[in-house]
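Encoded as structure tokens, the structure appears first; notes follow it.
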Amino acid sequence: MAVEQRTQRAFTEAFAGEVILSRDAGYDAARAVWNGMIDRRPALIVRPTGAADVMTAVRFARTEELPIAVRSGGHSIPGFSTCDDGIVIDLSRLRGVRVDPERRVAQVSGGSLLGDLDHEAQAFGLVCPVGVISHTGAAGLTLGGGMGRLQRKFGLTIDNLLAADVVTADGRLVRAGDDANPDLLWGLRGAGANFGIATSLEYRLHPLDRVITHGAVLHPVDRVNELAALYRDAVENGPDELWLSFGLGVDEAREPVAYVGALHSGSLVDADRDLAELRAFGPPAAGSFDAKPYLSTQTMNDEAMRWGHRFYMKSAFLPNLPDEVVDRLVAHLSNLPDGAEGEFSVWSMGRAVAAVPEDATAYTGREAAFWLAAEILWNDEALDDRCREWARAALADVQPFAITGRYVNDVTEAGGDVARTVYGDVKYERLRDLKRAWDPDNVFRLNQNIEP
Ligand SMILES: Cc1cc2nc3c(=O)[nH]c(=O)nc-3n(C[C@H](O)[C@H](O)[C@H](O)COP(=O)(O)OP(=O)(O)OC[C@H]3O[C@@H](n4cnc5c(N)ncnc54)[C@H](O)[C@@H]3O)c2cc1C
């Protein structure tokens, strides 16, 4: 019997959601993921409506020995949420957020997007610190860490993950929390794609005024070292409410530019005080810091980062940001391939992120003061090699300044010892024990894989 017929039989009675096969009209749309470079052909795509369907799908995949790709928002940059010839368990019908304003807790279904959580939480003047593009999946982002503009105040997204419902490799539903399977919760907080499928996640929320101060100021690159010094100073001396980024890119005329971005989540008066020096640096070539709704900042780059572009990135954690690093990166701006948009960005970490002990979660790199990324986006397939090479060469040039640990959610290469470089040797061994306990057959291996 062909896999199509066995699929039909297995999913007819025990499955309430959708099943999409290669012969179906919606197959091509359903197999697409965010990164336009990824083009894979799964044997089938299933869209569960709840944990019961997810359990059915896992058991079916195991019987059929099909590789399993798990998809929430589909934004995995290397394309872990799809596969050739396997099953995609696509949680996009599992979307929904319930906020308990009294307890300041949100219950979030496994296929929800960041925008769903932001929208519901802000209706109650609450927030969970998440990433900066609202169409990213909440589960995928959370299970790797979750960095964003509120992290210095409220920590990473995982630091606010209280519990999760997880379908395990043997098709059972278990809870991971402080009260049940705390070892699993530890692993979910940074290596979570390895242990099961999170069908529901529970987050702690924090009060946040709906209006914050946000923006960026752009300056010509000839004052880049002065601007970097100001940025370092603001990161070191500013309050936890002040999150800053430093960036290098090219303007519309392809001339190099430097910028500082900021989100201040304190009062508008405090923000004016804390941003005064950056404003006084001189009239910017473009940009400003303004009071605006928090929700508008969370969607402002959605269109620029829409589905379908080709994309590559490479990142590192830095203990500091010496001029030498800035100068080396500036030099790489002149090699940016024509036809591609590329930039370097340096996000301020520390504070609430660093306040959590390094061994409290699987996530590695809490002592980093900065996260540095080279990101490049283009549409012409002929540029693939040159674009990837641009990001790789730039990061290789500053690697001597980096510390151990990498942010798992933006590591684009896979296999071999890659996961070990993400977590470091000590944590990798602990993760390995956990993997042996929860997924000894490596059913969940389309991820930065911990080999059991
Ligand atoms: C445009 C864009 C913006 C980004 N911005 C940020 C940012 O601001 N901050 C930040 O920290 N990161 C950011 N990222 C990185 C992002 O966190 C990762 O790409 C993340 O893995 C995406 O999650 P997803 O659910 O959308 O992706 P998917 O491709 O659906 O999944 C990603 C990985 O998580 C696994 N997974 C997904 N859902 C589940 C689940 N329910 N249970 C178990 N495993 C699951 C998948 O198997 C896969 O390995 C961004 C990425 C993109 C493309």
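We count ligands from 1, going down the list as the structure has it; atoms in each ligand are counted the same way. For this chain, numbers begin at 1 and follow the sequence in order.
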By number and element, which atoms of ligand 1 are closer than 4.0 Å to a non-hydrogen atom of [X]?
| X | result |
| --- | --- |
| S81 | 28 (P), 29 (O), 30 (O) |
| W34 | 1 (C), 53 (C) |
| F80 | 48 (C), 49 (O) |
| G131 | 7 (C), 8 (O), 9 (N) |
| G146 | 11 (O) |
| G137 | 23 (O), 24 (P), 25 (O), 26 (O) |
| L143 | 40 (C), 42 (N), 43 (C), 44 (N), 45 (C) |
| L91 | 41 (N) |

Self-check item: Chi angles and distances behind the salt bridge (charged side-chain N to carboxylate O under 4.0 Å, His left out) call for R306, E303
Solution: CA-CA 5 Å; R306 66 180 177 274; E303 180 53 24; 3.1 Å; yes
Exercise. Would you indicate which of V33, V70, L377, L446 comes nearest to atom 46 (C) of ligand 1 when only heavy atoms are counted?
Key: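 Checking each option, the heavy atom nearest atom 46 (C) of ligand 1 is found in V70.
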Quiz prompt | Heavy-atom nearest option to atom 24 (P) of ligand 1, drawn from G73, S112, A373, A69 | solution =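 That would be G73.
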Applying a heavy-atom cut-off of 4.0 Å, say which part of [X] lies close to ligand 1: side chain, backbone, both or neither.
| X | value |
| --- | --- |
| F311 | neither |
| L141 | both |
| F195 | neither |

Compute the minimum heavy-atom distance from [X] to ligand 1 and say whether it is under 4.0 Å.
| X | value |
| --- | --- |
| W371 | no |
| G196 | yes |
| G74 | yes |

Which residue and heavy atom of the protein sit nearest [atom], plus the separation:
| atom | answer |
| --- | --- |
| atom 8 (O) of ligand 1 | V132 N, 2.9 Å |
| atom 2 (C) of ligand 1 | H75 CD2, 4.0 Å |
| atom 15 (C) of ligand 1 | N409 O, 4.0 Å |
| atom 42 (N) of ligand 1 | A198 N, 2.9 Å |
| atom 9 (N) of ligand 1 | M147 O, 2.7 Å |
| atom 35 (C) of ligand 1 | A193 CB, 3.8 Å |
| atom 37 (C) of ligand 1 | S72 CB, 3.6 Å |
| atom 34 (O) of ligand 1 | G140 CA, 3.7 Å |

Quiz prompt | Distance-only polar pair, side chains of T421 and R406, donor-acceptor under 3.5 Å | solution =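 Looking only at side-chain atoms, R406 and T421 do form a donor-acceptor pair, the distance falling under 3.5 Å.
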Is [X] salt-bridged to [Y], going by a charged N under 4.0 Å from an acidic O?
| X | Y | answer |
| --- | --- | --- |
| D397 | R392 | no |
| R204 | D159 | no |
| D84 | R41 | no |
| R351 | D240 | yes |
| E413 | K314 | yes |
| R31 | D28 | yes |

Examine [X] against ligand 1 and note whether any of their N/O atoms are separated by less than 3.5 Å.
| X | answer |
| --- | --- |
| N447 | no |
| W347 | no |
| R71 | no |

Check whether any side-chain heavy atom of [X] lies under 4.5 Å from a side-chain heavy atom of [Y], and answer yes or no.
| X | Y | result |
| --- | --- | --- |
| W347 | L372 | no |
| F317 | T404 | no |
| R388 | M37 | yes |
| E343 | Y259 | yes |

Exercise. Just say parallel, tilted or perpendicular for the rings of W390 and F344, cut-offs at 30° and 60°.
Key: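 Judged by the thresholds at 30° and 60°, the geometry between W390 and F344 is parallel.
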Quiz item: Where does the angle between the aromatic ring planes of Y231 and F370 fall among parallel (under 30°), tilted (30 to 60°) and perpendicular (over 60°)?
Solution: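 Correct class here is tilted.
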Quiz item: Among K435, R430, R436, whose salt bridge (Lys or Arg N to Asp or Glu O under 4.0 Å) with D433 holds?
Solution: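 Answer to the salt bridge (Lys or Arg N to Asp or Glu O under 4.0 Å) test with D433 among K435, R430, R436: R436.
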Exercise. Could you tell me whether atom 19 (O) of ligand 1 has a protein heavy atom closer than 4.0 Å?
Key: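 Yes, because at least one protein heavy atom sits under 4.0 Å from atom 19 (O) of ligand 1.
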Quiz item: Going through the checks in order, is the salt bridge (charged side-chain N to carboxylate O under 4.0 Å, His left out) test met by K153 and E241?
Solution: CA-CA 5 Å; K153 177 78 179 157; E241 286 77 10; 2.9 Å; yes
